[in-house]
Amino acid sequence: MTNAEHRARPAEVFQAAAVGDTGSRLHTVRLGLWLLAAVLAVRQVAAVLTTPRGERLTDLETWFGHDGVLQVSGSLYASTRFTGTPFGGLVLKPLTRSAEQALGWGWTFGTLLLVVALGLIAARALPQPIGRRTAPLAAPVAISLFMLSLPVRNTLWLGQTSIIPVLLVLLGCFVARGQRAGGILIGVAAALQPALLIFAPLLWFTGRRRAAAASGITFATGTALAWAVMPQDSHTYWVHHMAGAGLGGRADDPANQSLHGALLRLGAEGPLEIGLFLLIGAAVVALGLRRAVRYAHDGQLLLAVAITGCAAIVVSPAAWQHQLLWVLLTLVGVAGRRASDRPVWPVAVVLVMTLPAQMILPEMPFLYPVRDNIVLLAALAAATAVPFLSRTSPYFRTPVPTRYAEPVPTRFKHVPLLPFLRRVLTRPNLLLELLLIRVTYAAYSKVRLAATGGRERAEEHAHQILDLERLLHLDIEYAVNHAVVGIGRLRNFFDFYYTSFHFAVPLTVLGLLYWRRPVDYRWARASLGFTTLLALVGFWLYPLAPPRLMPDLGIIDTVNGVQDFSKPDYGTLTALTNQYAAMPSLHFGWSLWCGLAIAIIAPRMWMKALGLLHPLFTVTAIVATGNHWVLDAVGGALVVAAGFGLTYFLQGPRARTAATTAVTGTGTGTGTGTDTGPGPEAAETKPPGPFPVQEKPAQEEPARK
């Protein structure tokens, strides 16, 4: 027994040390996340306060001043810039003097504190059980996401009060003690934003009828009080503008992400638009409340509140951009039975709520109806369609695992440098891939456009390249350009090849690899991403004028026509793209990537040879059309080699089992599904707020091989 005790002590010490190391790492990560949240908060506040007085907090300025809405005799709505309810005006009117004195620092920091409170409450309301690693990280992550979101950024910029109703609802649901107090808070929120009255039926159908009654009475009392004090304003808001429709700007403006605004943008008017709005709105409310009640009984209370808020966005006459925080709260829902499908909904929501719609969808006319209503569509999907999993589903905590290929031995000891980036055998989710590719390319385009460097510097670098080519006897641009110009069909062929194949071939190669060779797709996509990233660095460090934009060189621009060098910003596409992003040439770099990927992966020799013809034709086209120097192609080849090299060193070589593996995944959609099978009911506890927390343990996890 003594020997056993001595043998056990080192194991106990080792376990204690492992737990201590894990706790230390968790503490470091938590500290880093709080630091990130603080940096984002400081950045948002600085962006507001460093803006000139007349360009920031423009909505807040409607509350006071010589022409201010709330301090002049007459109607609150003498200026349509005030979009709140008469009750909101009644509450805010006594605050106008303090708002005038604290405009800027005080109001901005007060709004910032509201955002922090919102994040803390959302983190506290996460559905149980929460892992001990997740719980301490939830609050800083939530606050950071709120800070990055467009609704919060617009609220800070405009000086709006749209965070207050969301915060009141969350306080009423998760913090307030007792049903009556929670119902009163929700009723006040509905008096400020009438669409939030939809929470009263949610309270009623989840068994909190006292809270539902309190919210309805509070809403009616506040509205009646405002009607008694300001009858003309109340008539203007509730009758003339039909609950605020038309206030704050044109109802068909893309900033209005409600169903009413979408129908107007689609061309519906008059009785047709009203009928469609009532019909679709009623269906959304009914389906959304049904789903919310189900998830509330399942114990996912925050998800139920978020779904109800999304339904309120849809049926509101006007849902401006700073009023759309409910969509971000749906991140707490779990959608997807497969582990590879889990990130789809969170990534889509974060992109929609943090990036302009132009970055998510390309400039194509047939996509405009989707792009102009993208937040509304996200709210509609969350309220009616996204199949969030029940906590009783066996997939809720244990999704279908991702299958990986066996690691390939390497000659180098430290390769791969990131061994956790294993080769996945299943096909990645198509929607997630399209979203990431589109957003990545939009970011690339913006960075590329910004890396101009100036005309003088770009032409100086061009002279350096030309001198080096003359030293190496590579200055063939003039001879090739004029030889091709003299042959009409050849000129047309290279012009077409230059303008058409640059995007078509890489996208085709990626599509074929995605469908036929999922493992190789991930490896090839990573190398292409590294290549493009390195090229951006080259654009920033070495802006270079192409031969066609060099005065007195005599190169003919066969694609864009003759340039007027007397203008500072000449070039047909100067306003759309960076004309000096020539070194390295991504025209040649992407084509070489295509050729090498085909040569490596294609099973037949003729396919490999055909693939290598593409970079050969491309390098001829970029020189013949006057768009690149020969050394630009050399630079493109270098970044391609570096891209493949980085992929190798970080992830290791290609998985050799890919060619013989039959597992390629089935389906390319989100793969989500709802499983709300029966589970053992837990006893109801008495938490703060009007909602009961119903703890439902998950069913037995199915055995998997």
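The shown structure was predicted, so the numbers you read here are calculated from the model rather than taken from an experiment. Heavy atoms only: backbone and side chains are in, while hydrogens, waters and symmetry mates are out.
For the atom pair CZ (R391) and CG (L303), the distance works out to 11.0 Å, reported to the nearest 0.5 Å. Distance CG/L259 to CZ/F277: 6.0 Å, rounded to 0.5 Å. If you take CD1 on I198 and OG1 on T308, they are separated by 6.0 Å, rounding to the nearest 0.5 Å. We find the CZ-CH2 distance between R427 and W515 to be 5.0 Å, quoted to the nearest 0.5 Å. Rounding to the nearest 0.5 angstrom, the gap separating the CD1 atom in I307 from the CG atom in L329 is 11.5 Å. Annotation: the span from S390 atom OG to R294 atom CZ amounts to 8.5 Å, rounded to 0.5 Å.
Judged by distance alone, with hydrogens and angles left aside, the side-chain atoms of Y295 form no donor-acceptor pair with the main-chain N or O of G333 at under 3.5 Å. Side-chain atoms of T384 do not come within 3.5 Å of backbone N or O of V284 as any donor-acceptor pair. Proximity of a side-chain donor or acceptor of Q193 to a complementary backbone N or O of A190 within less than 3.5 Å is not detected. Side-chain atoms of Y514 come within 3.5 Å of backbone atoms of P428 as a donor-acceptor pair (strictly under, hydrogens ignored). Side-chain atoms of D252 never come within 3.5 Å of backbone atoms of G261 as a donor-acceptor pair (strictly under, hydrogens ignored). A donor-acceptor pair is defined here as one N or O able to donate and one able to accept, closer than 3.5 Å; no such pair exists between the side chain of R338 and the backbone of V400. Listed for the Q257 side chain is a donor-acceptor partner under 3.5 Å among the backbone atoms of L376. Checked by atom type and distance alone, the side chain of N373 pairs as donor or acceptor with a backbone atom of P369 at under 3.5 Å. Within the 3.5 Å criterion, the main-chain N or O of P254 finds no donor-acceptor partner in the side chain of D372.
For I143, the side chain to side chain contact (heavy atoms under 4.5 Å, CB included) partners are W34, A37, V116, L120, M147, not counting sequence neighbours. Legend: residues meeting ring pair (Phe, Tyr, Trp, His ring centres under 6.0 Å) with F87, ordered by chain and number and at least two apart, are absent. For A189, the side chain to side chain contact (heavy atoms under 4.5 Å, CB included) partners two or more places apart in sequence, or in a different chain, are P165, L168, V169, L196. A286 pairs by the side chain to side chain contact (heavy atoms under 4.5 Å, CB included) definition with nothing, not counting sequence neighbours. For Y441, the ring pair (Phe, Tyr, Trp, His ring centres under 6.0 Å) partners at least two apart in sequence or on another chain are Y444, F503. For S316, there are no side-chain hydrogen bond (donor to acceptor under 3.5 Å, both in side chains) partners, not counting sequence neighbours. Scanning for side-chain hydrogen bond (donor to acceptor under 3.5 Å, both in side chains) contacts around T111 gives an empty result, with sequence neighbours left out. For the salt bridge (Lys or Arg N to Asp or Glu O under 4.0 Å) test, no residue two or more places apart in sequence or in another chain qualifies with D253. Applying the side chain to side chain contact (heavy atoms under 4.5 Å, CB included) criterion to L436, with sequence neighbours excluded, gives V347, L432. Residues satisfying the salt bridge (Lys or Arg N to Asp or Glu O under 4.0 Å) test with R153, not counting sequence neighbours, are none.
Within the structure, the side-chain hydrogen bond (donor to acceptor under 3.5 Å, both in side chains) test picks out the following pairs touching residues 269-282 (sequence neighbours left out): H260-E273. The side-chain hydrogen bond (donor to acceptor under 3.5 Å, both in side chains) pairs that include a residue from residues 209-226 number zero, where partners must be two or more places apart or lie in different chains.
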N429 and S340: side-chain hydrogen bond (donor to acceptor under 3.5 Å, both in side chains), yes or no, with the steps?
-> CA-CA 7 Å; N429 186 280; S340 59; over 6 Å; no
Assess whether side chain to side chain contact (heavy atoms under 4.5 Å, CB included) is satisfied between L302 and F174, documenting all intermediate values.
-> CA-CA 9 Å; L302 184 57; F174 301 107; 4.0 Å; yes
How far apart are the C-alpha atoms of R342 and Y395, what are their side-chain angles, what is the distance that settles it, and do they pass the side chain to side chain contact (heavy atoms under 4.5 Å, CB included) test?
-> CA-CA 11 Å; R342 289 290 171 90; Y395 302 102; 4.3 Å; yes
M230 vs L90, side chain to side chain contact (heavy atoms under 4.5 Å, CB included): CA-CA, chis, key distance, verdict | CA-CA 8 Å; M230 298 178 292; L90 186 65; 3.7 Å; yes
CA sep, side-chain torsions, deciding dist, call: L150, T354, side chain to side chain contact (heavy atoms under 4.5 Å, CB included) | CA-CA 5 Å; L150 290 174; T354 58; 5.6 Å; no
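Closest heavy-atom contact between A357 and I374: CB-CG2, 3.9 Å. Contact detail for L389 and Q300: the closest heavy-atom pair is O-NE2, 2.9 Å. Looking at every heavy atom in both residues, V315 comes nearest to V285 through CG1-CG2, 3.5 Å. For the residue pair A379 and I313, the shortest heavy atom distance occurs at CB-CG2, 4.3 Å. The shortest heavy-atom contact between A251 and L264 is CB-CD1, 3.6 Å. Of all heavy-atom pairs between V115 and F146, the closest is CG1-CB, 3.7 Å.
Heavy-atom neighbours of R438 CZ from other residues, nucleotides or ligands within 6.0 Å: above the threshold of 12.
A tilted orientation is assigned to the rings of F199 and W326, their planes being inclined by 30° to 60°.
The side-chain heavy atoms of V305 and L170, taken from C-beta on, include a pair separated by under 4.5 Å. Side-chain contact check for V439 versus L351: some heavy-atom pair is nearer than 4.5 Å. Contact check for P194 versus T85: side-chain heavy atoms found under the 4.5 Å cut-off. In this structure the side chain of V175 reaches within 4.5 angstrom of the side chain of R124, judged on heavy atoms. Taking the side chain as every heavy atom from C-beta outward, W320 and S162 never approach each other to under 4.5 Å. With a 4.5 Å cut-off on side-chain heavy atoms, L324 and M353 count as touching. The shortest side-chain heavy-atom distance between P387 and W345 does not fall under the 4.5 Å cut-off. Counting heavy atoms from C-beta on, the side chains of F219 and I186 never come closer than 4.5 Å.
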